[in-house]
Every structure is written in C-alpha cells, then in structure tokens.
Amino acid sequence: MKLLDKWLERGSRKVAQNTSRRHLLTNLSKVMIGVAAVPLLPVARASEATGGYPGVGAQTSGLDGDPGDPTSCDYWRYCAIDGFLCSCCGGTASSCPPGTEMSPITWIGTCRNPADGKDYIISYNDCCGKTSCGRCLCNRNENDKPVYRPQSNNDINWCLGTSSNVYTCSTGVVLGVAVDG
Amino acid sequence: MKLLDKWLERGSRKVAQNTSRRHLLTNLSKVMIGVAAVPLLPVARASEATGGYPGVGAQTSGLDGDPGDPTSCDYWRYCAIDGFLCSCCGGTASSCPPGTEMSPITWIGTCRNPADGKDYIISYNDCCGKTSCGRCLCNRNENDKPVYRPQSNNDINWCLGTSSNVYTCSTGVVLGVAVDG
Amino acid sequence: MRLFSIKALAITTLTLVVGLAQAELQPEPIPSVATLPAVYPDTWLFAHDVNFNSMIAGKVAIIDVAADTQEFKGFVDASMMASFVESKEKPLLYVAESFYARGTSGERTDVISIYDKSTLRKVTEVVLPKKNRAQMVTNKYMLNLVDNDKYLLILGFTPASSVMIMDTETNEIINEISIAGCNLIYPAGETGFASLCGNGGMKAVDFDDEGKEISRVDFEPFFSVDDDPLFDKPVYIGDTAFFLSYKSLVQPIDMSTSVPVIKSTWSLVSEAEAKANWRPGGWQFAAADETGHLYVVMHKDGYNGSHKFGGSEIWVYDTKTQQRVNRIKLKTNAFSIEVTRSDTPLLVVNTIEMGLDIYTTDGEFKRFINVGDAAMPIVLHAGK
Amino acid sequence: MRLFSIKALAITTLTLVVGLAQAELQPEPIPSVATLPAVYPDTWLFAHDVNFNSMIAGKVAIIDVAADTQEFKGFVDASMMASFVESKEKPLLYVAESFYARGTSGERTDVISIYDKSTLRKVTEVVLPKKNRAQMVTNKYMLNLVDNDKYLLILGFTPASSVMIMDTETNEIINEISIAGCNLIYPAGETGFASLCGNGGMKAVDFDDEGKEISRVDFEPFFSVDDDPLFDKPVYIGDTAFFLSYKSLVQPIDMSTSVPVIKSTWSLVSEAEAKANWRPGGWQFAAADETGHLYVVMHKDGYNGSHKFGGSEIWVYDTKTQQRVNRIKLKTNAFSIEVTRSDTPLLVVNTIEMGLDIYTTDGEFKRFINVGDAAMPIVLHAGK
C-alpha cells in the first residue's frame, strides 16, 4: 500500500510539471488527486504549454520496456534530473552529445518505470566541456536531498573528474533495478 | 521640403520599432503615413508591448532641450544604435556603467533632436570589459551603412583600443550640431 | 491628395517642434564612466544571475529595489556557478569563480575576484591553487565573511568537501579545513562555522588567527535526511540560524558561539495546513527582516519532489511567538525572496518568470524590475 | 470517501501497467558519447547562435532541418562574435573566435579552432599572433575557404582591415594582406578574393602558393554608398555573386576569375512595388537554391533604417530570366534565411522570434525547430 501511495505521488508530480500530450495515465492521476495549484517549474517556461518542448522533436529510446519520450521532462528516468536534457542536445537519455565528456562521478536517483512497475537506479551523469546546451531545461526532484548529501543532490555541478568542468547537459542512465524496489 | 520628408520618415521609423507611450507625435505620424506592416525588431521582443522595456524605469537626461527617455529605444539619440542601452545598465545615454571602459574609437550617426529640430552628430561609443548587459537591447539603423564603410556601421564591435574587447553596452554621446544640418 | 494632407499636417507639427526649441545641446565628454558611492544605500540589493543558458557568463547585478528610475546600478561578472559576498567593513565585493583558458576548455583557473564597490573595477584576484572551488547552483553559504570580515571562507568540493580560509588583509589562503561528510558554511561564533552532514548531524569547527583548526565538534544526527531533511539554506535572524524542513518544521540553531546550540523545533503549519501539504519551497525560499520576522515561500499540495518549485504565497512568522502574522498572496509565484535592511523594508521576489517583483513587507505590490532579458537571478543578497 | 475512490482507481491503473510489463531494462554503459558521420547528410545545417546576451558563450549548432526527431545533432562553441566555415574537402569545421584569460578581461587570445566533424572534438587550434580577428555581428564573408579548401581566409579588423591567409595543410598563417578602405572576403577565382570599399568601389586581390599577393585591382566606384548602398552580404549562385541594394537593385558580379566582372543590374521590384517601398532586408536576408533561384526576404513600407528588420515575405527570382517566380507569405517574419542543398531543398527561416521555421521551397510550412531557449541563430550555413 505504501508503494501504491508512492506511485500516486509520482503521478501527481508529473502532472505538476508537465501537462503531457502523451501520458493519458498521468492526466487521469491529475483528475483523481486534484493537484492543480502546484507551482510550475521556474525553468520550464518553454515547456509549460505542452509538456514537451516546442521546437523539439519527440523521440523514443528504441528499447523494449522503456516507454515515453526522452525529450520530455516527464520521461520516467528523469524523476530527479536537473539541467538540459542531453536527448535534446545531440546525445540521448544515456549518452552525451558529440564532443562532450561524460562525468564518471555522479548522483543517483530511483525512478519507477511505468512499463514494468519496477524501480530502477538511474545515474544522472553530466556531460561536460562545451557551453550550456540551452534546450529542454528540466528540473525534477523526487527524493532529491540537500547538498550535504551530495550523492542524492542535483544542484551540484557533477562535471567532476572530467578534463573541463563546464556543464553542458544531463543524462539519465539505467544502472539496474533497485533491490529494495 | 527634403528635410520635411526626412523628418516624416524618421517619425514613421520610430513607430515601426516602438509603440511609444510617451510620444504622441510619432503616433500621429503613424496614422498619417499609415506605416503598419513594417517588421518589428528581431531583438526587441521585450519592448514590443509598450515601446519602453518592461521592468526598466523611465529616465530623463536632465538636460534642457534633450527630450525623451534614454531607456527607451525611441529616444532621439539612438537613431543608429545597435546594442544594449547603457542607460539601462548602470550608465547613462552618454556614460558607461561602473567598471567598464568606454571605447575611444567609434561610429557616428546624425540624429535630429525633436526639441530644437537640429541634427546632432552622435558618437555611439561602446562600453567594454564586462559581459553583455542584457537589458534594453535596441537596434535602429538610420543612415547605417554596410561594414565596408565602418565609421557608419553599427554591426562592428567597437570595443577597439580598450583593454578588453568584450562588449557590454552602447551609448549615444552628443558631439555637436551637424554643420550640414 | 493623401500625400498632400500628410505634408500639411507635418508642417504644423514641425512648427510646433520649432516653437519648443531650446539652446543647443553641448558636446559631452568622452570617455565617461559612471561610479557608485563607496557605501551603498540600504535599498540596494545584489541579484545573482546564474545564467544557466551560458553559465560561463553569469553576473551579479546591483539594483536599487526602491527606485522607479535608474534602478540598475551596475554589475560584476560571475563565471561558472560563481558565489558572491559583500563586505560590510570594507568597500569591497568578493566573487568566487572559475575560468577556462578557452572559455569552456583548456586550463582551469579558480579565483576570488575582488571588486571596489565604487568603481566596480577588479582590485585584485586571488588564485585558488587547488582549483577545488565548489560549483553548485549558488546559495549564500558557499562564500562567507566572518570575524568582522577579516576572514573569507570559501567552500571547496571535488567531491571532497572543505573550507578554505582567506585572510582579507593579506589576501592569502591561510588554510584549508576538511569537512568530509558535511557541506556548506554556516558562520558560528567569531571565527567558527558549522556544516550540515549527510547523516543528519552537524559539524562545527573553530579556527585561530592563522586559520588553524582549534576545535571541532561532531553533532549526533538530530534530523532525518530520508524522512524530512532540513533544507541547506537557513535564514539568520541575529545569531540564530532558522533551518526549515521539507515538511515545514522550523529548526532554530543558536550560532552565537563556535559550538552551536540546537534549539527546540516548531512548525510552520497547522494540522489542517499540514494535511493540505502546505510546504516551504523554492530556491532561496526564506528571508528575514530586522524585526525578527521570518518570510517563507509556501506551496500547497506539496509532495516528494515539490521542494524546489517555489510557491504562490509568502507566510510571515514572528519567530519569538512562533506564530504566523501574515499571509501574502503573490501576483506571480515566488522562486527566491529577500528582504532589504532599509528603514522601510522591501520584500523582493524573484518570480518563477525570473524577474523581480517588489512588495512592501505587508504584501503591497510596488514595481517589477527586469534584471536582464535572459537573466536567472535566483540568489538575492540584501545590502549589508 | 474521496481517498478511498482514489486508491480504488489507482489499483485498476496499476494493474493495467503491470499487464504491460516487459523484460527488465539492462544496465547501460558509462561513459557513452555520441558521434556523427564524417560526411553530413545534405539536410544538415549550421545555425550560428551569436548569443548577444552572453557573447563569450556563442555556439554553432548542427541541425537536421528535415528531421522530426533528433534534429539537434550537436554543437561547437563559438566565442565573442565568432565566425564559422565548414570544409567540404576535409571532415573539419573551422571557428574563428576570441578568448580572455578571465572570461571578459585579462589577456586576449584569438584562435582558429578546428573541429573533427565526426567527434566534434577540437583537433587543434591556430593562434592568431596579432589578436586582430574582426569582431562583427557575424556573416558568411569573414571566414572563407578557397582553392578546394587549401587556404583559409580570415578577416582582420582593428579598425585597419586585412585578410590573413592560413594554409590548411600546415595550419600556419602564411601572410596577411591589407585591404585598407575595404572590408569582407568575397572569394574570386581560384585563390583570389574581392572586398567592397567605402567609396562604392571594389578591391580584388590574388595570391600565390605562399600567400604572396600577385595581383591587386581597385575598381572605380560603381554604386552610391550614400544613396543606395549594396548590402555587404551577397548570395553566390555558381560563380556569380548577387549583391542586393537597400532599394532593391540586383548587382551581379562574376567571380569566376580573380579579376571580377561587374555585370548589369536589374531590380527586384516593379515600379508599383518600388512605390510601396518593398525592399529587401534582415540579417542573412537572401539565399539561393541549386537551380539558380534567388530567395529574398522583403518588407513593405521600407525607409531609411528599415534594412535590418527582416520581412513578412520571401520573393523568389529566376536569376536567368530576372523574373520573380514565387512570393511566399511567411507565418512569422523572417530575419535570416538559407536553402539546403538537398535533392528536395528546404527553405530555413530564422524568424524575428529567433527560432527556425522550415518550409519547402514552395512555401509550405513543415516544422518549427528551437535552437536554444536564449539562442539567436542569425547566421545559417547550409551543409556543403
């Protein structure tokens, strides 16, 4: 039952930030839970209208069991992301744009995949060494903790251990299924 | 009569770029000449609505015979300016913001002062050495010539002869009355 | 016919203009560069534009939030998740920032850039030899002046966390103190500081004239990072740092000595408000005025992850009585807030649209100030 | 009651989700960095974001304007009024740019940054020793490859104007040629170039294998800079550069040899259109397709100073017959345009709102592409 509550909570969060054109389920959640007044993302100006980002083509990861659009802030892997989505910048949800360097040090989130209902460990590796991508700025903070627990915080520039620490964009890489589900 | 035509032309130009809340005369010109379809400044997004810039307080130069608002793109001195108005950036129409350096090399325009009907030589000195100001981006091109006549062109970074060539904002300094009026 | 009427009307207009003619404008001096007073008026505020879209080109803008004209006084650059602090004792501004030889690549140089308040020219810069300045979305606790501005404390993060101590007389880095497992710099006592820790505890360190550590206290965990973490951005009222939790707890900590004292908690919300999930949130989502009132950006229907999105209201508390004394409904949702230290304090709201809405502390809207067309001024420092 | 119904509905939904369950997703490799083909498809285009709000942080984005997914392929940095050119012969991109040791101050370094097309990593950089790279709002005639990309021509401006010649085999600057009184680089002949001059004339220079000037021709003035200047941004169709004037004149110049030939002018507009002041204007306001059609952004009611504001229509001309063959009314006014060299050419419009509207060359709107939330992609280079 706890899990169920969590799942609902997750659903409502998505609605708060993104009025998705593709996720009927989250729209159902909206009606059900009645979340309406939650403030919009400060940085999501461009995505307020549609949930996706205007002028950015929708994508799929191409993987079975990986639903949703990696260029949309409400894509399931992005539950604790903060930054420009590399999928919109020449990379993908799990790879960096050409010419950047993926940070080996990172922060970790746990996101539920709606396709199999399982919680996955997601590694939010930053891509580094070029200027800010400037497309698809997205901020979600599920289980995000303050900077005194850095491994669970998305405000830190995780371009650490790279030849340049200049931040370009963020990925959400699947590490595996969370053991404590 | 030629002057009169020029004056009218100037009036219509102002309307094209700035729907002024303060210049009744230019609004009259608009009605008279029927200019309506002239495209808006690409960079004037912020000023489209009001003519001034939202969130920027109006100013006066404090000089007798110097009418208008130096934070408005339609201020008479700015007839050939291109860039951020230093008046909005901690400087004035004729001085640079603190910590920047005024370029000694510059381009020259001739603008008519509506207070005395005289044409003045205006020196568009750039202010240099800090990042772009980012307020009151304004572009007007009266008598602007292509870059092969650089002294009459506003596309060139005139931060030349300064310790840093990074462009911050633009001024419009009165040099005197144009002899050929 | 149409042309004729245009010209006729124009002649009339031109005559009118000539009728208003003045003495000719005189030539103006070149070059001319504005300056500021060495002591800033108390309605001036520092708005730090982190410029996410071009992080190597951030700035700290100086703004008179009480002004309806010439409100933008100038700015200093602040590159790559910089941090900023104003000196109260000296006419100086400090920016901790990072540069690359080729903009975004090449050799890295970390510096403290020191500016003269009056000219906004760089007086000097201090290079941080280990290039380990913390780069985070900036807040007020990454760069701090203590002991009457004698020491500048600079956060390091590699991800090993540390505090560098710069002597502001000599502009030398005199020591670096590890705060492993903890983060940020909360001034405590004369020369001490505290940091919150990943286990829900706290560390407090004191240092001597040479920057050498003379005491260190590790507090046992006193809050649950998993269940209801304290935000890392407290508000100081006098010597007390008010930490708030995701779920509306207030945790005052007495910072008057180098060994802080953890005080009793209270709640921002009633039982009914808690049920409606009214919670604090945003970026710099809380501030205080000189009377001891605490201002908190609140949102309804909070949930796991809603803590950085700002809110539609600001709730005001008397921290002595622990009672809410006002509830301000905003024109536009707040992301960050600050209150000036002026006689008539002003409530400055960086909205989720990234511009400044200025209110009285009673919630009366006064004016909107644009910090820059692409600016993201998410950290606001009231003038000291 | 309400809570109950929520959960009941949720259970149904959850069951549905579980019913769709798949095999678990597998761990993905770290690090992983995308690459591009060494030869780009012909629908790819380079959109140069000059980033006025943060000029030290510009970029050149690579965009597939025919794509409805993954249209943004990557980018290279381009600092401080940079200029850009793609090599056709080698898998390289060239950026002329400037850096300061401290972002906006300190020592200046001017470089040609050379990128590998496939990895978008910097292969090398060539320092310009005199730090005299021209900084202007960028256009296509500040950095050019000639002689099958054997020489890179780099505009200098201090304000003394010059052309630096870099040998792309050795990456050495082999000479610098003064073009005093003139500006920009219009390739002419195999190794020559022409520049327009402030007196309404033209200069043409040819150089040898070592970059040494072997001929120079100064053309007498052939247009009036005061009355109706030629724009400084011509469009090449084959070996002919089509210069347009503020007032709609077309001035073709044959650039097939190092001594260009000035051809007869014609007009973009009829007498009635001239009376209505239909004029060309914008930034990169003209382009051409492979069939020899010339596309020009036009605005009505033009006046002294309207020449950089863009326009609501694109007029298409057959340059052989000198007749207009189409008139495209745009959704949003154009500021800059380009036409791809693909089999099915696409008309790319950077609108005055600073995003890309993609049309067929017949004017059918296809899609909108955002180059960046704060981007100003005012120069567009079709892939070669």
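Here is the naming used below: chain letters follow the sequence lines, and residue numbers restart at 1 for every chain.
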With a 4.5 angstrom heavy-atom cut-off, could you sort out which part of A:Leu63 is near chain D: side chain, backbone, both or neither? side chain
Tell me whether D:Lys384 at atom NZ has more than 12 heavy atoms from other residues, nucleotides or ligands lying less than 6.0 Å away. yes
Give, as side chain, backbone, both or neither, the part of D:Lys59 having an atom under 4.5 angstrom from any heavy atom of chain A. side chain
Below 3.5 Å, can you tabulate the donor-acceptor pairs from side chains in residues 30-39 of chain D to any protein atom, sequence neighbours excluded?
none

Which one wins on heavy-atom pair count under 4.5 Å against chain D: A:Gly129, A:Cys127, A:Gly99? A:Gly99
Non-hydrogen atoms of chain A under 4.5 Å away: do they reach the side chain of D:Val371, the backbone, both or neither? backbone
Can you name the closest pair of heavy atoms from D:Asp77 and A:Lys130 and give their distance? OD1-CB, 3.4 Å
Shortest non-hydrogen separation from D:Leu25 to A:Trp76 and the atoms involved: CD1-CZ2, 3.3 Å
Where along residues 149-172 of chain A does a heavy atom come under 4.5 Å of chain D, listed by residue number? A:Thr168, A:Gly172
Please answer whether the main-chain N or O of D:Thr69 pairs with a side-chain N or O of A:Gln59 as donor and acceptor at a distance below 3.5 Å. no
Please examine the side chains of D:Phe72 and A:Pro97, heavy atoms only from C-beta on, and report whether any two atoms are closer than 4.5 Å. no
Quick check on A:Thr60 against chain D: is it the side chain, the backbone, both or neither that has a heavy atom closer than 4.5 Å? neither
Applying salt bridge (Lys or Arg N to Asp or Glu O under 4.0 Å) to A:Arg135 and D:Glu71, what does each step give before you reach the verdict? CA-CA 12 Å; A:Arg135 291 181 111 212; D:Glu71 67 285 341; 2.9 Å; yes
Partner chain D: residue of A:Cys89, A:Cys86, A:Pro70, A:Ser103 with the largest heavy-atom pair count (under 4.5 Å): A:Cys89
